[in-house]
Q: 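Pasting in a structure now, in structure tokens, and then I'll have a few things to ask.
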Amino acid sequence: MVRLYNVTKIYKNNSIALNNVTLHIKKGEFIFLVGPSGAGKTTLTRLIFREDIPTRGQIVFNGKNVVRMRPGEVPFHRRKIGMVFQDFRLLAQRTVYDNVAFALQVTGTSNHRIKKLALEALKVVGLEGKEKMHPEQLSGGEQQRVCIARAIVNNPLLLIADEPTGNLDPGTSRELMNLFKEINGRGTTIIMATHAWDIVDSMKKRVVALSGGKVVRDEESGDYHGA
Amino acid sequence: MGRSAVGYYFKEAFDSLFRNNWLSLASIGVVTVSLFIFGCFLLIAINTSAIINTLESMLEINVFLENNLNQSEINHLNEELKFLPGVSGVEFVPKEQALENMLTSLGNGKDITDNLDENPLPDSFRIKTNSVGLVPQIAANIYKFKGVRNVIYGQEVVERLLIVTRWIRTTCLTSIGVLGLAAIFLISTTIRVSVFSRRKEIGIMKFLGATNWFVRLPFLLEGVVLGFSGALLASIIVYLVYTIVIDKIAVTMPFLPVVGQIDKLAPVYWGLLILGLLIGAAGSSISVHRFLKV
């Protein structure tokens with residue numbers, strides 16, 4: 001599904017964000033990216049999403065070389081990946097429904113299909129009946145659910161979540177993790193960058209630990225801090 | 001492109017127009033003023049050229065001959081004049097005819113000729129030309145012919161008309177140039193503000209996998225709508241003003257050959273509308289290109 005080969009990313013200020021990282025992620029996997037701030041977790045997700053390209057090395061996603069992709073192919077690459085952020089990035093002036101429908105609108109889906117798929121996605125994340133509300137009328141956890149609904153509405157192959165529970169209380173975080181588990185259970189591969197050690201420890205999924213831009217640990221059903 | 005996408009482009013474009021309503025109005029205003037002035041110049045130019053055409057058909061060169069020419073010399077001159085480039089017709093006016101014409105035009109002042117022993121008028125040729133611009137050149141050529149005493153044409157009228165036409169053309173081109181650039185600049189500013197006020201949304205669109213064109217099109221459409229609205233307003237105002245002006249002219253100066261509203265002027269209005277579209281497209285393209293690195 002995702003393969004990184006000797007990926008190095010050096011930013012313009014000469015800071016090395018990723019240093020010779022090789023990583024294979026299989027279809028249907030649930031992976032936690034852990035490590036201190038500045039370890040390279042966000043850079044890794046940005047490279048997979050093709051927000052940036054590596055200084056050296058190759059990235060293959062779903063059989064396609066992401067690094068050598070033409071600019072015109074990038075939007076179609078991104079439609080196969082759902083993104084969930086710590087700060088939600090919802091459009092405040094649009095309703096919950098419109099925020100989710102927006103993901104389909106930008107891909108040119110017909111109105112009829114948009115309605116069906118958006119309502120389905122909202123049902124999956126448990127926001128039925130809140131379609132007409134605006135983001136600021138929702139709690140943080142509910143806003144993140146809108147964000148997840150938007151990320152899964154066009155049925156992506158991969159879901160990338162960058163600190164999705166960073167702004168949420170422990171109870172809400174656990175509920176959201178159950179939602180992620182459910183989405184993963186439907187076959188969507190999930191990469192989650194997080195600092196929430198309790199969640200990582202309780203989920204018993206694959207853990208890839210980064211430090212100083214290098215993979216320092218890669219364990220099946222691992223813990224946040226390692227054995 | 002699905003129906004939902006087309007609806008989306010228009011909705012976004014119009015939402016943004018109303019969100020930046022003052023700037024939108026200013027842009028439309030500048031386009032309206034530019035195109036109104038341009039439309040006026042265009043109509044003046046069209047009417048001037050109609051007037052010039054009419055005058056051209058009336059304008060002739062009078063060639064007065066020496067008194068002592070015999071018939072074969074006159075015939076020879078007639079042939080030479082006919083084959084001058086730019087000449088469309090040559091008519092010989094014998095002195096007797098000239099006197100008669102003069103008496104007719106004088107009407108009841110005819111007694112002043114009673115004191116004359118002989119006809120003082122010379123034989124002459126009346127020459128019509130293809131174009132008013134050629135008249136001075138042709139007149140100068142004829143002046144060199146043997147047996148020609150004098151050449152007279154509406155020298156001043158012709159020269160003034162030519163100056164006026166040139167002046168109208170220059171003013172028209174300069175003003176549309178300056179005003180057009182101002183309109184393009186203002187539209188590009190409106191679009192820049194619009195891009196700026198929606199930069200968060202644009203970022204979200206990009207990570208949702210929107211193509212560059214999907215991001216750009218609403219902004220382009222916004223510019224085109226601004227340009228077109230301005231042009232539409234300008235056309236309506238030009239139409240109304242022109243209707244009033246030709247009505248006034250029909251009453252006060254009925255001899256002026258003004259161009260009627262419907263028959264020949266449709267291309268002017270179409271032209272204004274298309275120009276408005278182009279100005280809008282140009283203005284928004286600048287901003288979309290420079291400020292929307294998608």
Q: Heavy-atom cut-off 4.5 Å, strictly under: side chain, backbone, both or neither for B:F207 against chain A?
A: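 Both parts, heavy atoms under 4.5 Å.
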Q: Can you run down the ring-ring contact (aromatic ring centres under 6.0 Å, His included) pairs that involve residues 27-75 of chain A, sequence neighbours left out, and say none if there aren't any?
A: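 Only A:F30-A:F32, A:F61-A:H77 qualify under ring-ring contact (aromatic ring centres under 6.0 Å, His included).
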Q: Give me the atom names and distance for the closest heavy-atom approach of A:V106 to B:A210.
A: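 So the two residues come closest at CB-CB, 3.6 Å.
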Q: Does atom CZ of B:R19 have more than 12 heavy-atom neighbours from other groups under 6.0 Å away?
A: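 It does: B:R19 CZ has more than 12 such atoms within range.
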Q: With respect to chain B, which residue among A:Q93, A:R50, A:E51, A:R94 yields the maximal number of heavy-atom pairs within a distance under 4.5 Å?
A: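 Among the listed options, the one with the most contacts to chain B is A:R94.
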Q: Restricting to side chain to side chain donor-acceptor pair (under 3.5 Å), what partner residues turn up for A:T107, sequence neighbours left out?
A: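 In terms of side chain to side chain donor-acceptor pair (under 3.5 Å), with neighbours along the sequence ignored, A:T107 is linked to A:T109.
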Q: More than 12 non-hydrogen atoms from neighbouring residues, nucleotides or ligands closer than 6.0 Å to NZ on A:K80, yes or no?
A: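 Atom NZ in A:K80 is packed in, count exceeds 12.
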Q: Taking side chain as everything from C-beta outward and backbone as N, CA, C, O, which of these in A:F102 sits under 4.5 Å from a heavy atom of chain B? Side chain, backbone, both or neither.
A: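 Interface part for A:F102: both.
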Q: Looking at A:H24, I want to see if its NE2 is surrounded by more than 12 non-hydrogen atoms of other residues, nucleotides or ligands under 6.0 Å.
A: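 Counting neighbours around NE2 of A:H24, more than 12 heavy atoms of other residues, nucleotides or ligands fall under 6.0 Å, so yes.
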Q: Hey, what do you get for CD (A:Q105) to OH (B:Y9), rounding to the nearest 0.5 Å?
A: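 Output value for this atom pair is 10.5 Å.
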Q: Quick one: does any side-chain atom of B:K200 pair with a main-chain N or O of A:L90 as donor and acceptor, under 3.5 Å?
A: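 Yes, the answer is positive, given that a donor and an acceptor are paired below the 3.5 Å cut-off.
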Q: Assess whether a salt bridge exists between B:E201 and A:R89, defined as any Lys/Arg side-chain N lying under 4.0 Å from an Asp/Glu carboxylate O.
A: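 So B:E201 does not pair with A:R89 through a salt bridge.
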Q: Counting only heavy atoms from other residues, nucleotides and ligands, does the tally under 6.0 Å from CZ of B:F196 exceed 12?
A: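 12 or below, so no.
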Q: Check this for me: B:F41, atom CZ, are more than 12 non-hydrogen atoms of other residues, nucleotides or ligands nearer than 6.0 Å?
A: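 Buried by this count: over 12 neighbours within 6.0 Å.
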Q: What distance separates B:L208 CG from A:R150 CZ, expressed to the nearest 0.5 Å?
A: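 The CZ atom of A:R150 is 5.5 Å from CG of B:L208, to the nearest 0.5 Å.
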Q: Nearest 0.5 angstrom please: B:I204 CD1 to A:N99 CG, how far?
A: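 Result: 7.0 Å between the selected atoms.
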